[in-house]
Amino acid sequence: MSLLCFLSKYVNILLSPLLLFIDYLISIWFYLDYFNRITLNYIMSFETAATNGNDKPERKYYDRTKSDDLQISRTDMNMLIMNYLVTEGFKEAALKFQQEAGLQEPALCSSLDERIMIREAVQGGRISEAIAMVNALHPELLDNDRYLYFHLQQLQLLELIRAGRAEEALAFASATLAEAGANDRNALTELERSLALLAFPDPHASPFADLLLPSHSQKIASELNAAILKMENQEYTNPKLCSLLRMILWSQSELDKHNVKYPKMTDLANATIEQPK
Amino acid sequence: MQHFTIFMDIESSRSYIDELYSIEDMKILDALIALKNSVIGSNRQKSSVIQQGIVPRLLQLMSENHWDPNIRLEATITVGSLAKGTPENVTALVEQGAAVTIVDLLREVPIGTKLAEACLCALRSIFLNPPAPISSVPAEMILLTRFTQIAKEGSPTSRACVVRILSIWCGGPIEQEALCAAGACSAVATLLAPKGVTAPPIARVLPALDLLAAMCFENANVSQVALNTRYGDKTIPELLTLLVSRDKPLPVAMGAARCLTFIHRAGALTADDNRVVFGALPCLARLCTKDMPEDIRATAAETLAYLAEVDTSLQRLAAISNHLMSSLADIVTCPSAAAKQGAFKCFASLGANDEDIRKRIIETHGLMVHVVNGMNNPEPSVRLAAVRCLHSLSRSVQQLRTTFQDHAVWRPLMQLLNDAPGTELLTVGSSTLCNLLLEFSPAKEPMLDQGAVEMLCSLTKRPEAALRLNGIWALMNMAFQAEQKVKQRILCCLGTEQMFRLLGDGDTRVIMKTLGLLRNLLSTRQHIDAIMGEYSSQVMQAVIVVLEGSYPAEVKEQALCILGNIGDGEKAKDLIMANEDVLRKLVDYLAHPESKLQEAALFVAGNLVWRGEAGCAARQARLADLGVLRALKLLRQRQDAAHLHDKVKTALAQFNEFT
């Protein structure tokens with residue numbers, strides 16, 4: 001009995017973020033489609049001289065409550081979500097979602113398991129383990145992309161700094177990171193920033209503290225993930241959702257350039273839309 | 001203590017290097033993996049372990065059959081990583097036999113295995129470091145067939161690797177033919193084909209295009225095979241035409257256009273073929289435009305130069321394509337040497353035959369300045385390309401008279417030619433000089449001061465026929481209607497001995513131009529007398545040598561014309577009259593079946609008998625004695641010499657006192 005309760009809780013925890021997520025996607029989708037219409041309308045207004053009164057009055061702003069002829073296919077939505085989950089490595093969620101949504105066998109790339117483990121190792125600070133796994137999966141990757149290799153080694157350095165082992169950190173930096181720093185100017189700058197952390201008694205309070213935040217290792221983990229996907233000739237190394245969001249930002253900036261009034265999405269995370277003044 | 005394992009300095013690496021010689025397989029495998037992880041990403045580590053002499057052991061672990069497959073795989077991967085280090089690392093690997101070991105391994109290892117893939121990756125890394133060890137891959141049919149089989153059936157990575165290796169390996173006709181016989185064309189076709197509706201992945205297509213280009217370059221046989229090779233329902237040219245379209249990535253379109261260009265120039269596609277005219281040409285013109293990256297523009301310009309080098313219709317088409325002229329004018333201003341070279345060569349090709357195009361090229365704003373600057377560029381390839389451009393433009397008579405004077409192009413040209421240039425530059429430069437030295441070019445005087453005569457005379461002594469021809473041709477042009485001191489200088493510098501040598505040259509054109517030089521020297525009365533006064537015996541001897549020898553008719557015609565010129569000189573006439581041998585020949589030639597020889601002989605006779613000159617009576621008597629008069633009369637009777645009748649009548653009229 002308790003097992004069932006436990007399981008149901010588990011399912012709940014898994015499902016509710018998914019449902020929120022789906023809701024969020026739907027709003028973005030509608031918004032984007034409406035966006036395209038606004039832009040098209042604006043462009044066409046240059047061409048047509050006057051509209052006669054017979055035309056249907058254009059909706060001035062997006063009203064979610066009204067049903068309309070904007071058709072969004074549920075299948076398309078599901079594919080987008082599936083793509084996000086697979087690319088970012090949420091394997092269990094992907095499988096569960098596939099079952100729930102009744103999708104056909106998704107294009108799970110063969111390296112999904114490995115990519116998940118590698119990401120976990122990177123974000124958990126076990127960099128040498130992650131490097132060993134990458135080398136087992138794609139031996140040429142880190143040789144071809146020395147900048148990425150440098151970033152991974154930088155994470156190792158940051159681990160040492162975070163643990164307070166300053167001398168080891170310096171020795172490590174001169175033994176390994178110096179080579180990449182000598183060959184690449186960007187690497188040198190980042191190396192200097194990392195080592196500068198040692199100059200502060202409390203690295204977490206220094207100007208470069210952002211390097212010690214989990215967000216930095218997540219960024220490197222995503223970089224590594226994308227590199228692996230690229231090596232496997234996957235066309236999209238970022239989730240397509242990323243491209244959608246970038247599309248929104250670009251469209252908005254284009255409309256802003258032409259001083260058009262439109263309902264603007266000011267907060268991407270919550271898909272908040274502000275009406276025009 | 002996990003963090004200490006990330007310290008891979010020289011001391012700690014020694015421990016697992018020793019483990020490579022252990023008895024236990026597991027220890028060897030662990031050591032290999034640790035070694036691999038330490039060298040991937042770090043050139044310093046790679047150099048260090050190579051220096052410690054690890055390569056032979058790795059090669060042994062790779063190639064000997066009795067080792068565990070994992071050991072062989074890890075050893076191969078490690079070698080592959082070492083091959084991604086510095087050029088010195090790769091050289092060391094090759095010297096210790098890595099390339100040969102890998103190739104031997106590839107002969108036996110089954111195609112679909114990871115070991116085969118690792119071998120190919122390693123070999124590709126080795127080959128990508130110039131100079132590639134071409135000799136490690138012998139041109140054997142079995143081996144190449146295996147490679148083409150991999151190119152068709154292997155994993156995606158294996159296919160991309162093997163094709164890249166072959167594209168670097170294919171350096172000449174032997175390799176081209178061998179690859180073609182081993183079925184490389186059909187392998188390339190499978191790689192170029194689209195996957196359903198999507199384009200083929202770029203990582204596969206680019207090496208395949210490079211391989212196809214390398215195979216078809218200047219090889220008519222292979223190009224013909226490529227023309228007919230199909231994948232599914234499409235031939236290779238059709239597949240290439242799909243790839244030159246606008247929606248394809250730039251390197252892919254560039255590579256496909258290059259392949260079509262090479263196939264056309266090798267003779268398999270004609271210049272009016274749709275795939276050339278509507279496929280390769282517009283694509284290349286598009287890739288030259290201003291918003292393309294510089295390296296693409298440079299390659300596109302150079303390829304277009306090669307495409308349009310010979311055919312006039314392609315030149316005309318290119319000249320009106322897609323604002324090509326202004327694009328090229330912009331490429332010339334780009335900083336890189338490759339870009340300048342490509343642009344100059346392209347201008348040279350476009351302006352090779354058509355006067356209108358040449359005019360448009362020269363009118364391109366500021367181009368002549370760029371050409372002059374190009375001739376002073378530190379890079380030899382840019383200098384050569386600039387001279388080629390100048391050469392094409394110098395074929396325009398109008399430009400010679402106008403633009404070239406304004407820009408004094410001859411000065412940097414002379415400097416280049418005097419600076420011990422290579423054969424290619426010398427050939428093109430001397431051809432240009434030939435053109436610049438034509439009569440209407442006031443640049444002649446200053447060029448003499450720059451040592452042009454000496455330089456041209458030295459050219460006539462070169463072993464290369466083209467250079468001798470250019471040298472003597474330029475001297476001939478220089479002597480045309482020149483002042484006496486110029487003529488003297490030429491004769492003096494060239495020397496009669498050299499002239500005789502040239503008259504015996506293997507190339508008929510050289511002989512013709514030498515005689516042309518003599519003719520030009522012996523024009524204008526005073527000059528004739530002056531020169532014959534000094535060089536009479538040599539000149540007469542030269543003429544006789546030609547008239548007696550077995551030369552083609554046009555050569556003998558030239559010799560007769562020279563005689564005619566001599567006959568025009570006041571004192572020089574007597575030299576001919578004194579030579580009975582020559583006079584008898586003259587009689588023979590008046591009756592010669594070949595029409596132009598008759599005409600030339602008539603010209604000589606006419607000059608000799610001319611009434612207004614002093615001593616003509618004596619001459620006429622002598623000539624009549626030898627039978628010239630009779631020959632002239634016979635000539636008048638002949639029907640087939642109707643076009644000469646007027647001249648014959650004039651000549652006979654000189655003899656009035658006798659008849």
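Lettering of chains follows the sequences in order, A, B, ..., and the numbering in each one begins at 1. Quick note: numbers below take in every heavy atom, side chains included, and nothing from hydrogens, waters or symmetry partners.
Environment of CD in E192(A): crowded, with over 12 heavy atoms of neighbouring residues, nucleotides or ligands closer than 6.0 Å. Counted within 6.0 Å of CZ on F208(A), heavy atoms from surrounding residues, nucleotides or ligands total more than 12; the atom is thus considered enclosed.
Remark: the backbone N or O of I40(B) is paired with a side-chain donor or acceptor of Y149(A) at under 3.5 angstrom.
Rounding to the nearest 0.5 angstrom, the gap separating the CG atom in L177(A) from the OG atom in S42(B) is 10.5 Å. For the atom pair CG of N37(B) and CE of M133(A), the computed distance is 11.0 Å after rounding to the nearest 0.5 Å.
Interface residues of residues 135-143 of chain A toward chain B, defined by a heavy-atom distance below 4.5 Å and sorted by number: N135(A), A136(A), P139(A), E140(A), L142(A), D143(A).
Neither the backbone nor the side chain of T78(B) comes within contact range of chain A, judged by heavy atoms closer than 4.5 Å.
Of all the heavy atoms in E179(A) and N43(B), the pair that sits closest is OE2-N, 2.5 Å.
Not counting sequence neighbours, the partners of N144(A) by the side chain to side chain donor-acceptor pair (under 3.5 Å) test are K84(B). Judged as a salt bridge (charged side-chain N to carboxylate O under 4.0 Å, His left out), and not counting sequence neighbours, the contacts of R162(A) are E159(A).
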Taking only distance into account, with no hydrogens and no angle test, what donor-acceptor pairs under 3.5 Å do side-chain atoms of residues 109-123 of chain B form with protein atoms, sequence neighbours excluded?
{"residue": "T113(B)", "atom": "OG1", "partner": "P110(B)", "partner atom": "O", "Å": "2.8"}
{"residue": "T113(B)", "atom": "OG1", "partner": "A116(B)", "partner atom": "N", "Å": "3.3"}
{"residue": "E117(B)", "atom": "OE1", "partner": "S155(B)", "partner atom": "OG", "Å": "2.7"}

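Here R44(B) is the residue among R44(B), E74(B), R204(B), K36(B) with the most heavy-atom pairs under 4.5 Å with chain A.
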